[in-house]
Amino acid sequence: MQLEKQRIFGLDFLRASAVLAVIFHHSLSFTQPPAWIRFFGPLGSLGVEVLLVLSGYLIGQGLLHKHKQGRFSEPKHVGQFYVKRWLRTLPPYYLYLFIMAALFPPFLNQLIARKEYFVFMQNFAWRMPPFYAQTWTLALLEFFYFLFPMALFLSSKLVRNRLACFLVPIALFFGVPVLCRALHTQVESFEGFEQVFRKLIIYHMDTPITGVVLALIEVEFPAVWAWILRHYQLGLAAFSGSAAYFLLGCPHLASSHWLQVFFFPLVSITIALVFPLVCNWKENTTPLGAAVKSISQISYSLYVSHYFALSIGLALLIMAGIHGNQWLISYPLFGVLIVLFVYPTYRLAEEPFMRLRESKATPRSVFLPVYNAAIRAIYVHIAEPIWFALHRRPVQLGHREVLSPR
């Protein structure tokens, strides 16, 4: 059984390149290569933006197809969409959430202290703790996967025109983050921009929505799609400009409030402009092409597992007394460990669920009630207590400290 009904080599290339750029960027925290190697580290930040736009594009394509066929008109259709998403994204995520917690004993206390990670609330509108740090991207996408289809379904009940019912949630998902950044006080450093805007869900939801807009253009405005393809040089120049801007350290970003407000839409548009070109790339049958397809296929497992592999690699280097500047030793070790962890992750925690979600025994009849029960339990035992705790504050009564509502 094919896990991917249709693969486009150009999109595989984008996904593989972006994931490798992100892994390289993260590896810089575990070793000390020469300056000329570290210079390319910021491309990992651009790689994250590419992955976000790509995710929005693929989700937009799927939802447009379902809506056109009338398979997104009932609540059960939304539930089926959620289950198919969760069957792929949740098992590897939770696997490494438990593994990362096991690195910081006592294990159970770590899980209790990280309750928000179970419902992807670790970075909704506040800075996430320094634990399983790369999951800020996964949390952003999970919220997007959850909220956008729901908004689209509600919009379809109010607006009958297919184009208009997509434009309503698109405007919402684009406008809210831009408005939040506009109303926020200007941050005075690039690090502040990273921590306040880029890694918080509420400020960064407009990047994947750019991918949805791109999918909408492809389906509803093929003449515009064809025009972008004909003038692909402009798209390549714009994307290259974004890459150069990241490599130069994003000059003037910390000093310009309006650049901070429109940074994500501008970068997302430059990424989107290369999609018509890469979607027309022919299949590459060389060994390099096969490697690209393989990396793309396991990209999600690669993303969730690589940080753990890097952590294990660093521990081995420290035990062996090897300094971080010996990058000719550390990088081959990192590569071997990443491969050793990613394939079991994909084979055991992702591929079986991918096969399940593509089977005719869709989780609608069996797994949907299970997921409903799981989500209800998560809300009652995790989300609701977190919400309750966040809305209570300590008050001094004599020598005792008690909690009272705000």
Side-chain angles (χ1 to χ4, degrees), residues 1-4 7 11-27 29-30 44 47-48 50-52 54-55 58 83-104 107 110-111 114 117-120 122 128 131-142 145 290-317 330-359 363 367 371 374:
M1 180 187 300
Q2 290 184 346
L3 298 182
E4 300 292 343
R7 301 195 71 91
L11 297 183
D12 281 342
F13 178 82
L14 274 183
R15 185 185 291 109
S17 301
V19 167
L20 292 178
V22 171
I23 293 174
F24 170 70
H25 175 73
H26 289 162
S27 74
S29 301
F30 294 84
V48 169
V50 171
L51 292 173
L52 294 177
L54 178 59
S55 296
L58 296 175
V83 170
K84 288 201 169 191
R85 281 286 97 196
W86 292 336
L87 277 174
R88 180 182 186 185
T89 59
L90 296 191
Y93 171 81
Y94 285 130
L95 171 64
Y96 276 92
L97 176 60
F98 279 82
I99 289 176
M100 293 299 290
L103 292 179
F104 301 92
F107 170 71
Q110 281 294 322
L111 289 179
R114 311 300 182 189
Y117 282 75
F118 285 91
V119 288
F120 298 95
Q122 59 263 42
M128 65 185 297
F131 171 80
Y132 205 9
Q134 78 274 24
T135 56
W136 70 267
T137 316
L138 306 179
L140 190 158
L141 283 175
E142 286 301 326
Y145 294 152
V292 166
K293 290 178 63 176
S294 178
I295 293 172
S296 176
Q297 187 174 4
I298 63 172
S299 59
Y300 182 68
S301 292
L302 195 58
Y303 194 92
V304 298
S305 65
H306 78 273
Y307 214 80
F308 177 70
L310 292 174
S311 301
I312 296 298
L314 178 61
L316 293 175
L317 291 173
S330 58
Y331 273 115
L333 175 63
F334 290 157
V336 169
L337 290 173
I338 288 172
V339 171
L340 287 177
F341 282 105
V342 69
Y343 279 102
T345 301
Y346 178 73
R347 295 300 181 190
L348 299 177
E350 184 177 354
E351 186 181 38
F353 295 95
M354 292 280 287
R355 292 186 181 278
L356 179 61
R357 76 173 195 164
E358 296 299 335
S359 67
F367 285 90
Y371 270 91

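All values derive from a computational prediction rather than experimental measurement. These numbers come from the heavy atoms of this one structure, side chains and all, not from hydrogens, waters or symmetry mates.
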One pair to check against side-chain contact (heavy atoms from CB on, under 4.5 Å): V48 and W136. What are the steps and the verdict?
CA-CA 11 Å; V48 169; W136 70 267; 3.7 Å; yes
So [Y] and [X], do their side chains get closer than 4.5 Å, heavy atoms only?
X    : Y    : result
Q110 : M100 : no
S311 : F30  : yes
Y307 : F341 : no

Just how far is it from atom [atom1] of [X] to atom [atom2] of [Y], taken to the nearest 0.5 Å?
X    : Y    : atom1 : atom2 : result
Y145 : K84  : OH    : NZ    : 15.0 Å
T89  : F120 : OG1   : CZ    : 6.0 Å
I338 : S27  : CD1   : OG    : 7.5 Å
L356 : L87  : CG    : CG    : 5.5 Å
S55  : R15  : OG    : CZ    : 7.5 Å
L140 : L51  : CG    : CG    : 12.0 Å

Are more than 12 heavy atoms from other residues, nucleotides or ligands located less than 6.0 Å from atom CZ of F13?
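Not more than 12 within 6.0 Å, no.
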How far apart are the closest heavy atoms of [X] and [Y], and which atoms are they?
X    : Y    : value
L310 : F334 : CD2-CG, 3.6 Å
L348 : F353 : O-CE1, 4.4 Å
V22  : Y303 : CG1-CE1, 3.7 Å
A16  : S296 : CB-N, 4.2 Å
L138 : Y300 : CD2-CE1, 3.8 Å
G47  : A18  : O-CB, 3.4 Å

Hey, is the main chain of S299 close enough, under 3.5 Å, to the side chain of Y346 for a donor-acceptor pair?
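It does not hold such a pair.
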With sequence neighbours excluded, tell me which residues meet side chain to side chain contact (heavy atoms under 4.5 Å, CB included) with L20.
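So L20 forms a side chain to side chain contact (heavy atoms under 4.5 Å, CB included) with I295.
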Taking side chain to side chain contact (heavy atoms under 4.5 Å, CB included) as the definition, give me every residue that meets it alongside F107, ordered by chain and number, with sequence neighbours left out.
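Expected list: F98, A101, A102, L111.
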Please determine, by modelled atom types, if Y93 and T135 share a side-chain donor-acceptor pair under 3.5 angstrom.
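Checked: Y93/T135 side chains show no N/O donor-acceptor pair below 3.5 Å.
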Taking the cut-offs as 6.0 angstrom to the six-membered ring centre and 45 degrees off its axis, would you call R114 and F131 a cation-pi pair?
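Positive - R114 is close enough to the ring of F131 and near enough to its axis.
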side-chain contact (heavy atoms from CB on, under 4.5 Å) evaluation trace for Y132 with F308:
CA-CA 9 Å; Y132 205 9; F308 177 70; over 6 Å; no
